[in-house]
Peer 1: 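Below are the structure tokens for one structure; questions will follow.
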Protein chains: 2
Amino acid sequence: MIRNTRQRTAVNAVFDELEGFHSAQEVHARMRASGDSIGLSTVYRAVQALVDDGELDSIRTDAGEAIYRRCSTRHHHHLVCRSCGRTEEVEGPTVERWADRVAAEHGFVDVTHTLEIFGTCAACHSAGAPSADQPG
Amino acid sequence: MIRNTRQRTAVNAVFDELEGFHSAQEVHARMRASGDSIGLSTVYRAVQALVDDGELDSIRTDAGEAIYRRCSTRHHHHLVCRSCGRTEEVEGPTVERWADRVAAEHGFVDVTHTLEIFGTCAACHSAGAPSADQPG
DNA sequence: CCGTAGTCGACAACAGTTCTCACATGCTCC
DNA sequence: GGAGCATGTGAGAACTGTTGTCGACTACGG
Ligand SMILES: [Mn+2]
Ligand SMILES: [Mn+2]
Ligand SMILES: [Zn+2]
Ligand SMILES: [Zn+2]
């Protein structure tokens, strides 16, 4: 049985006030800084529970850190500036259909996918941003 | 300037004999087991250099571990059975164009993307495999 | 209220990865 | 073929994100 605790409510509330993706550690620090008393383990347990609940989305950074965000109602993907981290939500039936079709052609069922697009945003580009490669 | 060392050559050779994705730790253990003397740090440095060179692809598991594979010549993505781990390479211009277009529409340049498709393969499905969700 | 199963959190433990630094070794240039 | 030196190596320590431990605490159905 799942209880309503001050801590879980507070973690959930943090994501109401926050745009974009944030790590468990960042949420913990933020709460501590604003006077909320909560343990780091509890934050980890809370975000995991929220992910299981479908309240939060989670993705993993290139560095391997898990970051979380209030789940929006629509299925979408992310366009991330690799220089400043600015994130845009993008969506489109094209890629959804393609993924489902190609999986079905290989006999796969119960199909999901992850898709992230990386680039340099217009602002960072005019400022002269670095670059990277990522085949695969 | 980049030197040719016994260790780097050996790590590179390991991926000639190996199908699919493998972690640095696994490669290290495998080499040690077969009598090759090499340090773990060196394996990490070698695979990173091979990734930078475009010789290896790397992706990150759900658990946050980086895994590597001989880069095939063509750009492609992976269709992974979440039950048995079997991996198929898939490709298609549809999704490539979609990703580039959507990024361009948002003013992004120097665009790359990552895309992984997960499902249950036919074999695991008929054996009665578990399931999972992955929105985003 | 009571009892108790679920939860908390300080801390330890873990796993993967990177850093340190003394030592070794490819490469370039004679 | 060396000499010289930038580069690479590797054992171990350090670091980072995350999960486990366990005694104390508490939400909540009865
Ligand atoms: Mn999608
Ligand atoms: Mn692609
Ligand atoms: Zn930017
Ligand atoms: Zn399978």
Side-chain angles (χ1 to χ4, degrees), chain A residues 1-15 18 20-53 55-69 85 114 116 132 134, chain B residues 1-15 18 20-53 55-69 85 114 116 132 134:
Chain A
M1 174 243 186
I2 302 282
R3 285 190 202 163
N4 292 325
T5 65
R6 170 180 66 79
Q7 291 90 340
R8 288 215 259 253
T9 305
V11 169
N12 196 16
V14 167
F15 283 95
L18 245 36
F21 285 91
H22 304 272
S23 70
Q25 312 233 20
E26 181 192 338
V27 168
H28 179 245
R30 210 174 265 272
M31 296 177 76
R32 283 285 180 95
S34 77
D36 257 341
S37 158
I38 188 171
L40 179 57
S41 308
T42 301
V43 174
Y44 273 107
R45 285 185 290 237
V47 293
Q48 193 49 60
L50 289 167
V51 168
D52 293 346
D53 252 37
E55 298 269 351
L56 296 184
D57 268 352
S58 93
I59 64 175
R60 214 170 256 280
T61 68
D62 259 16
E65 188 179 25
I67 51 180
Y68 307 85
R69 200 193 58 167
T114 62
E116 307 287 327
Q134 188 155 6
Chain B
M1 175 242 182
I2 302 283
R3 288 189 199 162
N4 291 325
T5 65
R6 171 181 65 81
Q7 292 88 340
R8 288 216 258 252
T9 305
V11 169
N12 195 17
V14 166
F15 283 96
L18 245 36
F21 286 92
H22 304 274
S23 70
Q25 311 234 22
E26 181 192 338
V27 168
H28 179 244
R30 211 174 264 271
M31 294 177 77
R32 283 285 180 93
S34 75
D36 257 339
S37 158
I38 189 171
L40 179 58
S41 310
T42 302
V43 175
Y44 273 107
R45 285 186 288 238
V47 293
Q48 192 50 60
L50 289 167
V51 168
D52 293 344
D53 252 37
E55 297 268 352
L56 296 184
D57 270 352
S58 92
I59 63 176
R60 215 171 255 281
T61 67
D62 260 15
E65 188 179 24
I67 51 180
Y68 307 86
R69 200 194 57 167
T114 62
E116 305 286 329
Q134 188 156 7

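Source: prediction; values computed, not measured. Reckoned from all heavy atoms, side chains included, excluding hydrogens, waters and symmetry mates. Sequence lines set the chain letters: A, B, ... in the order given, protein chains first and strands last, and positions in each chain run from 1.
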Peer 1: In terms of side-chain heavy atoms of B/Arg60, which of C/dG6, C/dT17, C/dT25 is nearest?
Peer 2: C/dT17
Peer 1: Using every non-hydrogen atom in the two residues, find where A/Val43 and A/Ala24 come nearest and quote the distance to one decimal.
Peer 2: CG1-O, 3.5 Å
Peer 1: B/Met1 CE to D/dT7 P: how many Å, rounded?
Peer 2: 9 Å
Peer 1: Provide, to the nearest angstrom, the distance between the CG atom belonging to A/Asp62 and the C1' atom belonging to D/dT16.
Peer 2: 16 Å
Peer 1: Rounded to whole Å, please give me the gap between CD in A/Glu26 and C1' in D/dT18.
Peer 2: 17 Å
Peer 1: Write down the atom of A/Val27, the atom of A/His22, and the distance for their closest heavy-atom approach.
Peer 2: CG2-CB, 4.3 Å
Peer 1: Classify B/Ala66 by what it touches in the nucleic acid, base, sugar-phosphate, or nothing, heavy-atom distance under 4.0 Å.
Peer 2: sugar-phosphate
Peer 1: How far apart are the closest heavy atoms of A/Arg69 and A/Gly20, and which atoms are they?
Peer 2: CG-O, 2.7 Å
Peer 1: Can you check the B/Leu50 CG to D/dG8 P distance for me, whole Å?
Peer 2: 13 Å
Peer 1: Once hydrogens and angles are ignored, does a donor-acceptor distance under 3.5 Å link the base of D/dT7 to the side chain of B/Arg3?
Peer 2: yes
Peer 1: Starting from C1' on C/dG26, measure out to CD1 on B/Ile2 and report it in whole angstrom.
Peer 2: 12 Å
Peer 1: Where do A/Ile59 and A/Glu116 come nearest, in terms of heavy atoms and distance?
Peer 2: CG2-OE2, 3.8 Å
Peer 1: For residues 30-50 of chain B, pull every pair meeting salt bridge (Lys or Arg N to Asp or Glu O under 4.0 Å), keeping only residues two or more places apart or in separate chains.
Peer 2: B/Glu26-B/Arg30
Peer 1: Between N or O atoms, less than 3.5 Å apart, protein on one side and nucleotides 9-13 of chain D on the other: list the pairs.
Peer 2:
unit_1 : atom_1 : unit_2  : atom_2 : d
D/dT9  : OP1    : B/Thr5  : OG1    : 2.6
D/dT9  : O3'    : B/Gln7  : NE2    : 2.9
D/dG10 : OP1    : B/Gln7  : NE2    : 3.1
D/dG10 : OP2    : B/Gly39 : N      : 3.1
D/dG10 : OP2    : B/Thr42 : OG1    : 2.7
D/dG10 : N7     : B/Arg45 : NH2    : 2.5
D/dA11 : OP2    : B/Arg32 : NH2    : 3.0
D/dA11 : N6     : B/Ser41 : OG     : 3.2
D/dG12 : O6     : B/Ser41 : OG     : 3.1

Peer 1: Of all the heavy-atom pairs spanning B/Tyr68 and B/Phe15, show the shortest one and how long it is.
Peer 2: O-CE2, 3.3 Å
Peer 1: Does A/Tyr44 put a side-chain nitrogen or oxygen below 4.0 Å from OP1 or OP2 of D/dT18?
Peer 2: yes
Peer 1: Whole angstrom is fine here: how far is it from CD in A/Gln48 over to P in D/dG17?
Peer 2: 17 Å
